[in-house]
Amino acid sequence: MPDYDVIVIGGGINGLCCSAYLGKAGLKTLVLEARGECGAHCDTSEPGIPGFLYNLHATMLATGFGPPMQDLELEKYGLELRNTSYVWGKPFLDGTNALIASNPYDTMENWGKHSKQDRALLENALEFLYPQMLDFTDIVHRFMYTAPTAETMRDFSDFMGRFFQHLGKNVTGEQFMKMNGFEVMDAMFESDHIKTMVQAMEWIIGFPPIHPQIGAIGSLLGLLSGSFFPLTTAKGGSHAVTHALIQANVASGVKIMSCCPVKTIIMKNGEAQGVVLHEDAIYPNQEITAKKIVSNITVVPTFIDLIGEEHISDKDLVKRIKNFNYHEQTIFTVHYALDGPPKWRTADYDEGIMRSWMGYFGGETTAEMRKYSQAIIDQEIYPEIYANWYLPTLADPTQAPAGCHVTQAWIDIPGEPLKWKHGRLGGKNSFMDIKNVLADQITDAYERYAPGFKKQILNRYIYSPLEQERNNPSAIQGCWAGGSVIPEQFYDKRPVPGVCVGGGSRTFLKNLYLSNSIHPFGITPLGSGYIAACEVAEDMGVREQEWWTSKATHWYLENAANIPLDLGVRR
Amino acid sequence: MKSTEYDVIIIGAGPNGLICGAYLARTGLKVALMERRHETGGGLDTLELAGFKYNPHAIYHMMGEYMPPYRDFNLAERGVKYIYPDAQAAYIGKGHKPVMLYLDPKKTAQYLSASFSKEDGDRYTRMYSEFKELSESIVMPLTYIPALPAMEQVPAFAIEHGELGERFNEISEMTPLEILEKRYGFSDPIKAALYNLFAMWGHSNYDGLGFLFPLYVYRMLNAALVSGGSHRLSSALHKVIIEAGGDICDLSDVTKVLLTGGKVSGVRLSDGAEVKAKTVASTVDPKQNFLEFFEESQLPADLVQCARRWEWEKVSYFGIHLSLRSAPRYIGTEGVDDANRALMTHLGVGDTEEILSNYQDMEDGKLPGCPHGHTTIASLFDPIQGYGTYHTGRWESLAPFDQDWDLIKGDYAKQCLDTWKQYAPNLDPLDPMNTLIYPPTYIEKKFKNMVRGSIKQGSYMTLQMGYNRPHDSCSRHYTPIEGFYVCGASTYPGGMVIGGPGYLGAKIIAEDLGVKKNWK
C-alpha cells in the first residue's frame, strides 16, 4: 500500500489549492514544500522596517475570481480581500491620467475627458456584456478552469465576433483571435492614452500585448479587470492567501511538510510511484510513496531534475522541455516604505488617481510600449523606465504602520539580459552588478510622476529576478508565470506540446500530473491547481462532491459589494 | 472574524500563546488566538529572502526537546527537528587560543586541559557536572511547575533535594562571576567565555540571578537550532491548533478585555468588533494587560501599581543578517578547525573586565567602546538555511535602546562588520545592499510587548522573578479578575522560548474550567 493517495510537490498556492480540494474530497494527501514557509509567490515579508509589509512576489491578487474562494471557504479561513474605488491609474507627463474604476461609470467619466468616442464605446461594450454576463462567465470559466479545448476557443472567438459586431467594428472572431493587444486597442479606441493604459494592464495580468492571440485575449481581460474581474489585495498582504489555503488544507486533514525539498520522483514500470526527499530535507533521503503525484514545480525541474531524462523515451520531447522559455516573464522590483502616500502630479486632472492602488507610469505612447515589449524578447533591458506600481496600503492600511504606506515599482525585464544601453551584459548574474543603479533609475522615474516621492522614502528593498529565482528555484530566471506566456507556450501548447495529454494536467507519464507551467499561468487565480485537482479527483473517482460546485466569478458576483473599498484613504 | 463566541480567547500567538492554545484546543474547548501581526509565532520568526533564511529574533533554543509540548504534540513527527552542533561556542580572542565549549563536556575538558591547563579542564568538569545536576534536578523541572512563594519554595528545596538544595541556595546567593571565580577558580579567558553564555542574554552580574546561572550555562551548552529556522516550531504548533478545531485570527489587535458583572465576557478589537468569551488568557506584557485592557477601577491598586512600575530590560540587541560567499574563518584557529564551526562565536572583547565595562556603558545608554558580539552561521549545520554553497550569517550584540538608531544604524552596522572582519578576514557579504540591519528599535516596532527592545517582556530582576513575575497575585497565571489569565514571557517562569508560561497557563485554565487535561 502506498503511504498516501496523493503527494503534491511544492506548496505554492496552486499546489495548496490542489491539495486542499483533494484532501476535502477525502484523499490522503501530503504536500512537500522545499522552503520553510509555503506560498513562495504569495509571500509577505518584513525585510525593511518592521511593520512595513512587502509583498515580495504577487501583490495583485486574482484569487477572488476562482472557484476555490467558495469551494474551499477561504474567507472562513481568514482571507479578506481589499480594494480601492479606482483600481488602475496611469499618469501621463502631459498632466492627464487614464483610470479604471471599480464602478464602470466612474471609468467612463475619466475616459470621456480623453475621448467622447472611447467613452461611448466602453458604454456600448458594457451594454453588450451585462445581459450576457452568465454566458461570458461560463466561457471565462472554461478558459481559465478547465483543460484547453478547441471548442472553448471557438466559443470564445464566436463571442468576440458578436462583441465587435455589436460595437459596429469590422472585426470577426477569427480575426480577433489572431490579433495582438496593440491591434485590438487600435481597432477599438481613439485615445492613445486609453490604449496604453489598457496595454499596461493586460501586461501585468500576464498577457504580453505584443503576441498575437495572447495580446487579444489579454486586452479584453485587461479592459474588464477591476470592474468585472477582481484584482485586489488582501488584509495583511498576499501571504493571507497562503495562510487561508494552509488552514483549509490542515482542517481537511492534509499533511503539509515544509523544508522538504524533493530529490527524485520514483519511476517504476513507466509510472510515478513516489518521491525521495533531498539530503538537505528535514527527513534526508526518505522515500514516500503515493498513488498519484502532482508536481507544482515548473516543467524543466520536474522532468529533467526529478524524473530524469532516462525515463523519457521521446528524446525530442526532452529537447523541447529543455528549451522551455522562462526568460520573457520576469520582473525587477523595488519596494519602498513611505511616510505618506505618493502625491501624483496628475491629481488635478482626475483625483481618482489618488484612490487607485495600482497603476503604471512611463510608456507614454503605444509606440513606446511596442518598443519596450520587443526589447524583452530581444533580451535587452529597456533604457527607459516604464513601471507598474502598487500602493496596497490604500486598500489595506494594515500593511504599514498608521499613516505610513508601502509601495513598489516593477519593470518588465528579460531574465537573462544580454544588453543594456549599448553595453553587454552576462545574463542573470549581471543583476548583482546593476541592481542598485537600476533601482535608482526606478526611484527617479517614480519621482517624475509623484514629486516629493524621494523625500518620503524610509526604506528601499531591491528584488531582481536573481533573488526571485533563489527564493523559488523552480521559478527559473525569476519567471513568475511558470514559464513565459508566448505563442509557442500558450493554451493547448502549454507547457510544450507532448507533456500534457488527455487533459490539462495529466502528463505523458502515468500517475504524474502538473499544477504549474500548465494552462493558465500565474497571477493567483489558482487555475492550474484547480485543473489538476479536477483531473486527479476524476481519476481517483472522488470528483462528485456536494461542495465542489462553484465556477469562476460566482463568488465574486455575489460578494463584490462586500469587499471594502478605500479603507486607507483619508477623506 | 471567524466566530463571535469562544470558550477561550488567547491574546497573542507567540510561542506561549500557541502552546497554551494548542493544549486547550485539544481538550475540545473552542479556542481562538488573536494575533496583532499578520503572522503568528512572535519571536519564532524566520524571514526567507532570496533563498536565505534569517532568524532575526529567537535562534538558539535552550529547552527544545525538553519542553513538554515537544513530546505532547509529537512535534518531531511534525517536522520540528533540533540540531545540536558539536562545537557549541567558541570564544575567539587575541593573544590566546580560542576557548572551545563542546556539547560533550569530556571533549571540552580535554581541550581546555590541552590548550590551557590541566586545572582548567578539571574545573570545567566539576562545574559542568554540578550545573547539570542542579539544572536537571531542580531548575528545569521547576520551569514546568506552577510558581511557589519564595518563602515556601526555599524550604521545599532543602527538604526535597537535601544537600543539593543547599548547594543550590548557596550558588543562588552568589553573582555569576563569583561562582566562576570563587566556586570553581576560573580566570580569563575561560571565565569570560563561560560568563558570555549568560551575559549575552542581557543579564548583568548584579541582578541577583545567580540561581539562573547554572541553567543558562548548562542549557546554552546544549543549545539547538530548529532545522529550517525557528518559525518551524510555531508553524507546527499552529497546525496542531487548526487540526483541533481552534481558530487563529491574524491582524486581530485586542484593545480591551470586556467585563460583565466583574467577570470576563470577551474582548474588543481595534476595529471595534467584540468577540465573546468567558475566559481570556493574555500572553502580552503587564502594561498592556493591566493598564490598557482594563480600567484602573477594575483592578486591585497594588496590581496597577506593579504594572506602572514594571521595568523593561536595561539593554537590548543589535542584529545584522546577511548572506555570505563563504563561511568565516577565524584568526588564531590554526589546528582548532572546530572554532570555525561553532554554533556561537563570541568575539570583539578582551576579557571579563571589558564585558562588564561595556555592559555598564550600555546601561548608561552609551554605545560600547568596541562592538562585542556573537555570530552564528546557521547554514553550517543546516544547509537548508543557506543557498547552494552560500551561507547565512548572523551577528548579534547587546546594545542600548536610547540611541538615534534610524540615523546611526548603517554606520554602527559597518563598525560591527569591521570588527567581525578583524577576526574573520575572509568575511565577504554576497549582497551588501540587501543586508538586514536590525537595531533595538526594530524589536519594539515589530513586537508591541517587547518595549525598549525587551525580548523577555520585562527585566529579570528579583522583584520581577519567580513568584513575583509579574506580581504575586498572578504569577500562577490566574489573576484577581475572574476569567482573566496571564501566560506570556512576563509571567513565571519567563521568556526565551522555554514554553513554561504557555504550558502552565493551559494547565491552570483547564483545571479552572473543569475540562479534562489530556496530557501529563
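Chain identifiers are assigned alphabetically (A, B, ...) following the order of the sequence lines, protein sequences preceding nucleic acid strands; residue numbering begins at 1 within each chain.
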Quiz item: Among B:Leu47, B:Thr441, B:Val80, B:Asp382, which residue forms the greatest number of heavy-atom pairs with chain A at distances under 4.5 Å?
Solution: B:Leu47
Quiz prompt | chain B contact via A:Asn249 - side chain, backbone, both or neither, heavy atoms under 4.5 Å | solution = neither
Quiz item: Got a sec, which residues hit side chain to side chain contact (heavy atoms under 4.5 Å, CB included) with B:Glu396, two or more places apart in sequence or on another chain?
Solution: B:Tyr317, B:His374, B:Arg394
Quiz prompt | Contacting moiety of A:Ala34, where chain B heavy atoms sit under 4.5 Å | solution = backbone
Quiz prompt | Non-hydrogen side-chain atoms of B:Ile248 and B:Ile241 separated by less than 4.5 Å | solution = yes
Quiz prompt | When B:His321, B:Glu39, B:Lys53 are compared by non-hydrogen pairs under 4.5 Å with chain A, the top option | solution = B:Glu39
Quiz item: Are any of the side-chain heavy atoms of B:His57 and B:Tyr438 separated by less than 4.5 Å?
Solution: yes
Exercise. Tell me, for A:Ser252 versus chain B, whether the close heavy atoms (under 4.5 Å) come from the side chain, the backbone, both or neither.
Key: neither
Quiz item: Does A:Leu567 reach the side chain of A:Arg82, with side-chain heavy atoms less than 4.5 Å apart?
Solution: yes
Quiz item: If you measure from the Lys or Arg side-chain nitrogens to the Asp or Glu carboxylate oxygens, is any gap between B:Glu243 and B:Arg78 under 4.0 Å?
Solution: yes
Exercise. Sort by residue number and list every member of residues 227-239 of chain B having a non-hydrogen atom under 4.5 Å from chain A.
Key: B:Ser227, B:Gly228, B:His231, B:Arg232, B:His238, B:Lys239
Quiz prompt | Polar side-chain atom of B:Ser379 near backbone of B:His391 as donor-acceptor pair, under 3.5 Å | solution = no
Quiz item: For B:Lys414, does the NZ atom sit with more than 12 other heavy atoms under 6.0 Å from it, leaving out its own atoms?
Solution: no
Quiz item: So what's closer than 4.5 Å to chain B heavy atoms on A:Leu458: side chain, backbone, both or neither?
Solution: neither
Self-check item: Pair A:Lys24 + A:Glu73, salt bridge at N-O below 4.0 Å
Solution: yes
Quiz prompt | Heavy-atom proximity to chain B below 4.5 Å, by part of A:Leu56 | solution = side chain
Quiz item: Is it the backbone or the side chain of A:Glu46 that comes under 4.5 Å from a heavy atom of chain B, or both, or neither?
Solution: both
Quiz prompt | Salt-bridge present (B:Asp86, B:Arg341; N to O < 4.0 Å) | solution = no
Quiz item: Which answer fits A:His278, side chain, backbone, both or neither, if we ask what part of it has an atom under 4.5 Å from a heavy atom of chain B?
Solution: neither
Quiz item: Do the charged groups of A:Glu469 and A:Lys428 touch, with an N to O distance under 4.0 Å?
Solution: yes
Self-check item: For chain A, the option from B:Asp253, B:Thr46, B:Asp431, B:Asp45 that forms the most heavy-atom pairs under 4.5 Å
Solution: B:Asp431
Quiz prompt | N/O donor-acceptor pair under 3.5 Å between B:Gln403 side chain and B:Trp405 backbone | solution = no
